[in-house]
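Data block below; observations after.
All ligand and atom numbering here is 1-based and tracks the order in the structure. We count residues from 1, following the sequence as given.
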Amino acid sequence: MAIENFEEKVNILEKESKEAIQEASDLARLENIRIKYLGRKGVLNELVKELPDIREGSRARFGHSINFAKDNLERLIDEKSQELKNEFIAEKLEKEKIDITMPGKIFALGHLHPLTKVERRIEDIFQSMGFEIVFGSEIESEYYNFDALNIPKNHPARDLQDTFWLRRGLLLRTHTSPMQARYMEKNNPPLRIIVPGRVFRHEATDASHEIQFHQVEGLMVGEDVSLANLKAVFEEFFKKFFSTRGKKIEVRFRPGYFPFVEPGMEIDIKIASSKWLEVVGAGMVHRKVFKSAGYAPGKQQGFAFGLGLERLAMLYYGINDIRLFYSSDFRFLKQF
Ligand code: YSA
């Protein structure tokens, strides 16, 4: 066969394949074109098989024109492939475009509950005065909640009216004081602890009473611990606690009765023109409480107190109704 006819064939294939490449609309189609013309069994390789039919002197020229066509096609396919890729990226960018001038979405951030904040503040101040923090259980036995604290069997606090009783002599603790007895059973003086925690009382609620609230128990025992120490600790505590509010507070210590202290007292606080609010019950630990804990009589003395966390938080933030703390009302909670 004359070489001119081969060259004609190559030219036609080249033209045809160039058009196909130009029209390819995606990478998959382009790959099919590559396989069709340049693949091992592709059109151009099939043409090489016709080489023996060509006159010997023209074979090199024929081989050269085939290789030239192959190189040309490969280059065109590469260029087209790059073009398609660029188009794909541009399209994707256009579709996924972000308008950074649009106002963003505002996610509501959570924060600590005001009672948690006040609890941490109380803990920090007592820790700075050398008190260790310990925790007790919300479910208590009748023994630790009442008997070990010298609260008589017929005391009204044991009544169904005041105590949430559970089965088998268990109850929801009505105060954090049972931890006094539990801690002293296992630890010897000198000791200084506070016990923050939730307590429960079966009573009517009003602006200053909840059925579930928090107390911070305190206990300091040693050879020379006196009522003067109790007063000094509370004067220091209140000074530090209210220092950030810039308000003038008045503190009143008045006699109070609790079977587990002798003498006992209550501490009230008044801010500016508001009413006096009782925030702490306290006193010198009763000898019978030391006895229940297994301490030798007359060797040590100590003071104890139970501070109402919600009441203190009310004074700190100027809140006039304790029930707001548990209302889950965002208008209230957002303010802290
Ligand atoms: C007394 C002597 C001690 O040696 C040790 C602790 C105590 C306190 C005693 N355990 C007690 O619970 N006394 S109390 O019944 O007067 O409560 C203590 C504080 O808890 C109160 O001063 C008040 O601030 C708060 N509180 C009492 N009942 C409440 C309440 N807060 C909110 N709701 C209630 N229902």
Tell me which one of [options] gets a heavy atom nearest to [atom].
atom: atom 32 (C) of ligand 1; options: Val261, Ile322, Ile151; value: Ile322
atom: atom 3 (C) of ligand 1; options: Phe258, Phe260, Phe303; value: Phe260
atom: atom 18 (C) of ligand 1; options: Glu210, His175, Gln215; value: Gln215
atom: atom 11 (C) of ligand 1; options: Met314, Arg201, Arg323, Arg311; value: Arg201

| request: Tell me which part of Glu310 gets within contact of ligand 1: side chain, backbone, both or neither, using heavy atoms under 4.0 Å. | output: neither

| note | With heavy atoms and a 4.0 Å threshold, my read on which part of Ser177 contacts ligand 1 is side chain

| task | Using distance alone, determine whether Val279 and ligand 1 share an N or O pair under 3.5 Å. | result | yes

Do me a favour and list the nearest non-hydrogen protein atom to [atom] with residue, atom name and distance?
atom: atom 7 (C) of ligand 1; result: Gly281 O, 3.4 Å
atom: atom 6 (C) of ligand 1; result: Gly306 N, 3.2 Å
atom: atom 25 (C) of ligand 1; result: Gly308 CA, 3.7 Å
atom: atom 22 (O) of ligand 1; result: Glu278 OE2, 2.6 Å
atom: atom 29 (C) of ligand 1; result: Phe213 CZ, 3.2 Å

| task | Search all heavy atoms of Phe303 against all heavy atoms of Val285 and return the closest pair with its distance. | result | C-CG2, 3.9 Å

| Distance under 6.0 Å and angle within 45° of ring axis: Arg201 vs Phe213 | no

May I ask you to list the atoms of ligand 1 that are less than 4.0 angstrom from any heavy atom of [X]?
X: Val280; value: 22 (O)
X: Glu203; value: 34 (C), 35 (N)
X: Ser208; value: 32 (C), 33 (N)

Donor-acceptor pair, distance only, cut-off 3.5 Å: does the side chain of [X] make one with the backbone of [Y]?
X: Asp268; Y: Arg252; answer: no
X: Ser137; Y: Ile139; answer: yes
X: Arg192; Y: Gly222; answer: no

| task | Could you tell me whether the side chain of Leu191 reaches within less than 4.5 Å of the side chain of Met220, counting heavy atoms only? | result | no

| request: Considering only NZ, NE, NH1 and NH2 on the basic side and carboxylate oxygens on the acidic side, decide whether Lys70 and Glu74 come within less than 4.0 Å. | output: no

| message | Under 3.5 Å, is there a donor on one side chain and an acceptor on the other for His64 and Asn67? | response | no

| query | So, do Phe135 and Tyr183 have ring centers that fall under 6.0 Å from each other? | reply | no

| Step-by-step salt bridge (charged side-chain N to carboxylate O under 4.0 Å, His left out) determination, Glu185 to Arg182 | CA-CA 5 Å; Glu185 268 182 8; Arg182 285 188 180 274; over 6 Å; no

| Under a heavy-atom criterion of less than 4.0 Å, does Glu217 contact ligand 1? | yes

